[in-house]
Protein chains: 2
Amino acid sequence: MENSRPFTDALGRLRSAGLRPTRQRLALAKLLFDGENRHVTAESLHREALKARVRVSLATVYNTLHQFTDAGLMREIVVDAGGSYFDTNISDHHHFYFEDTRRLEDIAEEEIRVAKLPAPPADAEVSRVDVIVRLQAKK
Amino acid sequence: MENSRPFTDALGRLRSAGLRPTRQRLALAKLLFDGENRHVTAESLHREALKARVRVSLATVYNTLHQFTDAGLMREIVVDAGGSYFDTNISDHHHFYFEDTRRLEDIAEEEIRVAKLPAPPADAEVSRVDVIVRLQAKK
DNA sequence: GTGTTTGCAAAGTGTTTGCAATTTA
DNA sequence: TAAATTGCAAACACTTTGCAAACAC
């Protein structure tokens with residue numbers, strides 16, 4: 001019974017991903033997964049960690065974000081040159097991108113309907129469909 | 001009458017964009033706009049130019065692609081970290097992205113229907129909707 | 001001629017990597 | 001104590017920029 005919410009805590013997440021729960025990974029996982037879904041960059045997460053008195057290098061933040069992504073705990077999103085975003089929301093969904101502020105915001109799956117996808121070539125399969133609604137501030 | 005196809009040639013395109021028709025810009029415009037729509041990177045266009053005996057530096061290719069994009073002759077597309085693509089097709093349309101080969105392919109507007117877009121915040125307006133269908137080779 | 005454009009090399013940005021020291025199991 | 005992880009600094013890939021020389025009008 002105690003285990004009915006499998007990814008309830010940072011430790012459980014790391015364990016299930018086969019990643020050793022080091023101090024750095026635990027701290028980052030707590031920052032990332034403790035509340036609502038987040039969109040972070042390596043830089044922004046690193047800043048946040050330092051602010052929370054977590055000693056971790058930027059290189060380790062990069063490595064950790066990739067390990068989390070490879071483990072399926074996060075998803076990488078590229079919407080403009082110069083910087084990847086990492087999203088803690090791994091369910092199917094889409095994004096608003098505020099071009100002025102470079103901020104990403106989720107759009108729930110049900111809020112967009114992509115109808116009539118053309119068939120991919122026979123030797124390829126769809127790995128993901130990304131819809132990015134780019135927004136500009138009204139003049 | 002002679003002017004009924006405004007962008008028929010490289011020279012006309014540059015003129016209408018207010019860009020001086022220098023040797024480099026003319027040559028790049030010819031490579032880009034002479035046949036079908038193209039997806040290029042700065043690197044790929046630079047290689048192509050050298051192969052065609054057009055002497056032009058990589059920096060100028062970058063500058064030119066941005067000038068063409070700013071002038072509305074092309075469109076920039078970012079689908080993965082490390083590299084922008086530039087698309088000569090500036091009409092509304094979408095893309096297949098072959099993750100294995102890093103190749104982009106157009107999907108015509110009519111081939112996808114995005115229904116039920118959520119309303120953007122009141123102070124923002126949609127500048128563009130990008131649909132990227134990511135493909136992987138079947139195992 | 002005057003202002004624009006080019007090419008080069010240097011600088012910049014975001015990211016990855018090699019390796020010794022540290023930490024985890 | 002053996003294997004994994006970290007942090008640092010160096011290396012990297014891609015892109016932009018400063019500036020003198022070349023070019024377009």
Side-chain angles (χ1 to χ4, degrees), chain A residues 10-31 39-50 52-71 73-86 102 104, chain B residues 10-31 39-50 52-71 73-86 102 104:
Chain A
L11 190 60
R13 265 170 213 268
L14 294 183
R15 289 238 166 87
S16 78
L19 296 169
R20 282 192 183 177
T22 63
R23 178 176 59 74
Q24 291 85 338
R25 292 210 274 234
L26 266 171
L28 295 177
K30 272 181 189 142
L31 290 174
H39 301 104
V40 300
T41 62
E43 272 294 352
S44 79
L45 181 59
H46 186 231
R47 265 198 311 276
E48 191 183 345
L50 296 186
R53 302 260 178 323
V54 175
R55 298 202 305 71
V56 59
S57 72
L58 181 57
T60 295
V61 172
Y62 273 107
N63 291 335
T64 302
L65 285 171
H66 283 136
Q67 291 154 358
F68 287 1
T69 300
D70 292 346
L73 303 178
M74 304 188 77
R75 173 194 268 213
E76 186 173 0
I77 303 173
V78 181
V79 286
D80 71 2
S84 287
Y85 292 79
F86 294 85
R102 311 191 143 203
L104 272 179
Chain B
L11 189 59
R13 264 170 213 268
L14 293 182
R15 288 237 167 86
S16 78
L19 296 169
R20 282 193 183 177
T22 63
R23 178 176 59 74
Q24 291 84 341
R25 293 211 271 234
L26 266 171
L28 295 177
K30 273 179 188 144
L31 290 174
H39 302 104
V40 300
T41 63
E43 272 293 353
S44 78
L45 181 59
H46 186 231
R47 265 199 311 276
E48 192 183 344
L50 296 186
R53 300 262 178 324
V54 175
R55 297 201 305 68
V56 61
S57 73
L58 181 57
T60 295
V61 173
Y62 272 107
N63 291 336
T64 302
L65 286 171
H66 283 135
Q67 290 154 359
F68 286 2
T69 301
D70 292 346
L73 304 178
M74 304 188 76
R75 174 194 268 214
E76 186 173 359
I77 303 172
V78 182
V79 287
D80 70 3
S84 286
Y85 292 80
F86 294 85
R102 312 191 142 203
L104 271 179

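The structure presented is a predicted model; accordingly, all values stated were derived computationally and were not measured. Residue numbers start from 1 in every chain, and the chains themselves are labelled A, B, ... in the order their sequence lines are given, proteins ahead of strands.
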Among C:dT24, C:dC8, D:dC14, the nucleotide that comes nearest once only the side chain of B:Ser57 is considered: C:dC8
Touch class at under 4.0 angstrom, heavy-atom based, for A:Gln24 against every strand present: sugar-phosphate
B:Leu58 or A:Ala59, whichever maps to the more 5' nucleotide of DNA chain D: A:Ala59
Sugar-phosphate only, base, or nothing, as touched by B:His46 at under 4.0 Å among non-hydrogen atoms: nothing
Listed nucleotide nearest any side-chain atom of A:Thr22, set C:dT15, D:dC14, D:dT5: D:dT5
Phosphate contact (C:dT5 OP1 or OP2) by B:Arg25 side-chain N/O below 4.0 Å: yes
N/O (side chain, B:His66) to phosphate O (OP1/OP2, D:dT15) under 4.0 Å: no
Selection from C:dC8, C:dT15, D:dT15 that lies nearest to any side-chain heavy atom of A:Ser84: C:dT15
Check: D:dT5 base within 3.5 Å donor-acceptor of A:Arg20 side chain: no
Closest to the A:Arg23 side chain, choosing from C:dG7, C:dT17, C:dT24: C:dT24
Secondary-structure string, 5' to 3', Watson-Crick or G-U under 3.5 Å, | for another-strand partners, for DNA chain D: |||||||||||||||||||||||||
Derivation and outcome, ring pair (Phe, Tyr, Trp, His ring centres under 6.0 Å), residues B:Tyr62 and B:His46: CA-CA 9 Å; B:Tyr62 272 107; B:His46 186 231; 9.0 Å; no
